[in-house]
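Numbering of ligands and ligand atoms starts at 1, following listing order. Index from 1, following the sequence. Every heavy atom of this structure was used, including side-chain atoms; hydrogens, water molecules and symmetry mates were not.
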Amino acid sequence: MKRVLYPGSFDPFTNGHLDLVRRACKLFDEVIVGVAVNSGKSPMFDMEERKSLIEQSCAGMPQVRVVTISGLMSKAIKQFDAQALLRGLRVFSDYEYELQMALANRSLEPDCETIFMNPTHQNSFISSSLVKEIAGLGGDISEYVPPAVASAVYAKAGK
Ligand code: COA
């Protein structure tokens, strides 16, 4: 079985992430979305909230499984028996950070491959921080995130 692990902080999951999951479903038998910790970020949603929002957003996609990951990604890829990590490359400036992370993961675990996919250009400017900022200032985020995520972000932002 071809299985890929798509990790991220997903705080929150956006239409850009969903776009990548849909594309990966065409290439892999199973796509595991891994809600992970980025120690540099202070999340709006806890891990279980993020997991639940992704599950709601991917309802009806039987190839998708959502998990939470608390340790190293290079260990999680083995734990979930995935052949590769999947990361999204939206714009050129993503590349340097992604390359560093892919090489670090491979240094920790020599078998750890990372593959990159691009979302459609309509989704290329979306980021989780942008969505939270727009919602916090009373803007409309319905074009950028799945409906369940929009309601949850508005509720957290008190809008
Ligand atoms: N569409 C829309 N937005 C996207 C996107 C896409 N296809 N791909 C990435 N983004 C955005 C995210 O929303 C996020 O936005 P934000 O910075 O405003 O929150 C940003 O791009 C970064 O993407 P994300 O996938 O959330 O990555 P991350 O950098 O937060 O996640 C981890 C990094 C969690 C995968 C990494 O820290 C990790 O592996 N942690 C586990 C511990 C570990 O092993 N650390 C060592 C790593 S070498």
Which one of [options] has a non-hydrogen atom at the shortest distance from [atom]?
atom                    : options              : answer
atom 8 (N) of ligand 1  : Met101, His17, Met44 : His17
atom 40 (N) of ligand 1 : Asn38, Val37, Asn15  : Val37
atom 27 (O) of ligand 1 : Arg106, Arg87, Lys75 : Arg87

Among all protein heavy atoms in this structure, tell me which lies nearest to [atom], with the distance rounded to 0.1 Å.
atom                    : value
atom 26 (O) of ligand 1 : Ser9 OG, 2.9 Å
atom 18 (O) of ligand 1 : Ser129 OG, 2.2 Å
atom 44 (O) of ligand 1 : Met73 N, 2.9 Å
atom 33 (C) of ligand 1 : Tyr97 OH, 3.8 Å
atom 42 (C) of ligand 1 : Gly71 O, 3.6 Å
atom 11 (C) of ligand 1 : Arg90 NH1, 3.3 Å
atom 14 (C) of ligand 1 : Lys41 NZ, 3.8 Å

Inset, instruction - Report the residues that fulfil side chain to side chain contact (heavy atoms under 4.5 Å, CB included) with Thr120, sequence neighbours left out, ordered by chain and then residue number. - result: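 Here the qualifying residues are Asp19, Arg23, Gln122, Asn123.
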N/O of [X] under 3.5 Å from N/O of ligand 1, yes or no?
X      : result
Asn105 : no
Ile126 : yes
Gly16  : yes

Inset, instruction - To the nearest 0.5 angstrom, please state how far the CZ atom of Arg3 sits from the CG atom of Leu86. - result: 15.0 Å
Legend entry - Ion pair Asp94/Arg87, N-O distance below 4.0 Å: no
Legend entry - Carboxylate-amine/guanidinium proximity below 4.0 Å for Glu49 and Lys156: yes
Give the atom numbers and elements of ligand 1 that come within less than 4.0 Å of a heavy atom of [X].
X      : value
Ala36  : 34 (C)
Ala104 : 48 (S)
Ser127 : 13 (O), 15 (O), 18 (O)

Legend entry - Modelled atom types, side-chain donor and acceptor of Ser52 and Glu48, under 3.5 Å: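 No pair is found: no donor N or O on one side chain lies under 3.5 Å from an acceptor on the other.
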Legend entry - Distance-only side-chain donor-acceptor flag, Thr14 / His17, under 3.5 Å: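 Yes.
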Inset, instruction - For Glu98, look at atom CD and say whether over 12 heavy atoms of other residues, nucleotides or ligands are found less than 6.0 Å away. - result: yes
Could you tell me whether a side-chain N or O of [X] sits under 3.5 Å from a main-chain N or O of [Y], the two making a donor and an acceptor?
X      : Y      : answer
Glu109 : Arg106 : no
Asp11  : Met44  : yes
Arg50  : Phe45  : yes

Inset, instruction - Quick one: look at Ser128 and ligand 1, take heavy-atom pairs under 4.0 Å, and tell me if it's side chain, backbone, both or neither. - result: both
Inset, instruction - Using a 4.0 Å heavy-atom cut-off, say whether Leu72 meets ligand 1 through its side chain, its backbone, both or neither. - result: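 Leu72 to ligand 1: contacts from backbone and side chain alike.
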Inset, instruction - Any ring pair (Phe, Tyr, Trp, His ring centres under 6.0 Å) involving residues 71-113? Give me the pairs, sequence neighbours left out, ordered by first then second residue. - result: none
